[in-house]
Amino acid sequence: MTDPTDDGWPDKYSDPRDRPHPSVLRVTVESFGEMREDTLDTVSALSEGEEQPAVVSFPTVSELRKILTDRRLELLQTLMGTEGAAESITALAEDLNRDYRTVHDDVSLLADYGLLFVIEEGKAKRPYLPYERIHLDVELVGARNGEEQAPT
C-alpha cells in the first residue's frame with residue numbers, strides 16, 4: 001500500500017480524515033493533455049471559491065475497467081454506505097461476504113490509485129472513502145476521417 005506519510009500533505013493532515021475533501025470523486029478517462037487542461041481549469045475555479053470534485057484519471061477505458069471491476073465498485077458502494085469508513089478490512093470483508101485476502105488486495109489497489117485511503121489504527125487498517133458520490137465520466141467517440149481513434 002502507499003505510505004500515507006509520503007503523500008505530500010502537511011503533518012497536520014497526516015490522517016486523511018483531517019483533510020478537506022469535496023463531496024464528489026470524479027473518475028475519468030482522458031489523455032495527459034486533457035488532464036493537464038482540466039487541472040488548470042480546476043485551479044482557476046478553486047481560486048474563485050468554487051468547489052470542485054476530486055479527480056482520478058485513467059489513460060484508457062481498458063485501464064479503468066481493469067481497476068474498477070464489479071467487485072471493487074461494490075466495495076466502494078459498501079464504504080459509502082458506512083459513512084465512508086469500515087472498522088477494518090476484516091469487517092469490510094464480512095460485510096461483502098468475501099475472503100479477507102481478496103478484499104485486502106482490492107483495498108490496497110484502490111488506495112494505490114487514489115480511489116480510497118487506508119487509515120492505520122494500531123494493527124487495524126481502516127478503509128476510508130471521504131466522498132458522498134463517485135461520478136464515472138467516460139466518453140466514447142468514433143474516429144473521424146483522418147483522425148486516430150482514442151485508446152480503449
Side-chain angles (χ1 to χ4, degrees), residues 1-4 6-9 13 15-86 88-89 91-119 125-152:
M1 267 188 250
T2 305
D3 182 5
D6 189 27
D7 58 8
W9 283 89
Y13 293 125
D15 186 330
R17 294 171 293 190
D18 296 333
R19 298 175 188 168
H21 293 282
S23 60
V24 177
L25 171 63
R26 184 174 156 242
V27 179
T28 68
V29 175
E30 34 185 21
S31 69
F32 178 77
E34 291 168 322
M35 283 189 295
R36 183 179 181 282
E37 188 175 312
D38 284 349
T39 300
L40 293 172
D41 291 345
T42 297
V43 169
S44 176
L46 286 171
S47 69
E48 294 176 16
E50 297 175 29
E51 181 178 304
Q52 296 292 302
V55 178
V56 173
S57 294
F58 292 88
T60 65
V61 173
S62 298
E63 183 74 15
L64 179 136
R65 290 178 55 207
K66 193 170 23 172
I67 303 306
L68 289 180
T69 63
D70 289 345
R71 299 209 103 188
R72 292 182 187 132
L73 288 171
E74 178 187 26
L75 185 154
L76 293 169
Q77 285 181 304
T78 299
L79 280 175
M80 284 189 275
T82 60
E83 296 182 17
S88 64
I89 294 175
L92 180 59
E94 289 172 4
D95 288 346
L96 293 166
N97 197 26
R98 292 178 51 200
D99 177 68
Y100 169 84
R101 174 52 59 208
T102 58
V103 172
H104 180 278
D105 291 348
D106 285 348
V107 165
S108 296
L109 182 74
L110 293 169
D112 286 344
Y113 276 87
L115 294 161
L116 59 78
F117 301 93
V118 176
I119 300 163
K125 293 182 178 179
R126 298 185 69 191
Y128 173 62
L129 183 70
Y131 311 106
E132 295 172 16
R133 295 181 305 132
I134 297 175
H135 179 110
L136 300 177
D137 190 1
V138 179
E139 182 176 345
L140 299 176
V141 295
R144 297 193 174 113
N145 291 338
E147 290 183 4
E148 188 176 315
Q149 192 167 355
T152 57

Would you find a donor on one side and an acceptor on the other, under 3.5 Å apart, between the side chain of R126 and the backbone of S88? no
CD1 on I89 to CG on L96, rounded to 0.5 Å: 11.5 Å
Which heavy atom in Y128 sits nearest to a heavy atom in A85, and how many Å separate them? CD1-CB, 4.0 Å
Nearest non-hydrogen partners of T28 and L64, listed with the distance: O-CD1, 4.3 Å
Suppose the criterion is salt bridge (Lys or Arg N to Asp or Glu O under 4.0 Å): which pairs have a residue in residues 127-137, not counting sequence neighbours? R26-D137
Report the distance from atom CD of E74 to atom OG1 of T69, rounding to the nearest 0.5 Å. 9.5 Å
Partners passing side-chain hydrogen bond (donor to acceptor under 3.5 Å, both in side chains) against R98 (at least two apart in sequence or in another chain): D106
Qualifying residues under side-chain contact (heavy atoms from CB on, under 4.5 Å), relative to V56, sequence neighbours excluded: L25, F58, L115
Nearest 0.5 Å please: distance from the CD1 atom of I67 over to the OG atom of S62. 11.5 Å
What one should report as the nearest heavy-atom pair of P22 and Y131 is O-CD2, 3.4 Å
Donor-acceptor pair, R71 side chain versus V103 backbone, under 3.5 Å? no
Residues passing the side-chain contact (heavy atoms from CB on, under 4.5 Å) test with D105, sequence neighbours excluded, are R101
Compare every heavy atom of P127 with every heavy atom of L79, then report the nearest pair and how far apart it is. CD2-O, 3.8 Å
Go through V107 and K125 one step at a time and tell me if the side chain to side chain contact (heavy atoms under 4.5 Å, CB included) criterion holds. CA-CA 10 Å; V107 165; K125 293 182 178 179; over 6 Å; no
As a quick check of understanding, evaluate side chain to side chain contact (heavy atoms under 4.5 Å, CB included) for V138 and V27, giving each step before the final call. CA-CA 8 Å; V138 179; V27 179; over 6 Å; no
Testing the basics here: between V61 and V29, what is the closest heavy-atom pair and its distance to 0.1 Å? N-CG1, 3.6 Å
Quick one: are L110 and L129 in side-chain contact, heavy atoms under 4.5 Å? no
Just how far is it from atom CZ of R65 to atom CG of D70, taken to the nearest 0.5 Å? 10.0 Å
Smallest separation among heavy atoms of D99 and T102, with atom names: O-OG1, 3.0 Å
Please report the interatomic distance NZ(K66) to OH(Y113), rounded to the nearest 0.5 Å. 6.5 Å
Could you please spell out the steps behind the side chain to side chain contact (heavy atoms under 4.5 Å, CB included) verdict for L73 and I134? CA-CA 10 Å; L73 288 171; I134 297 175; over 6 Å; no
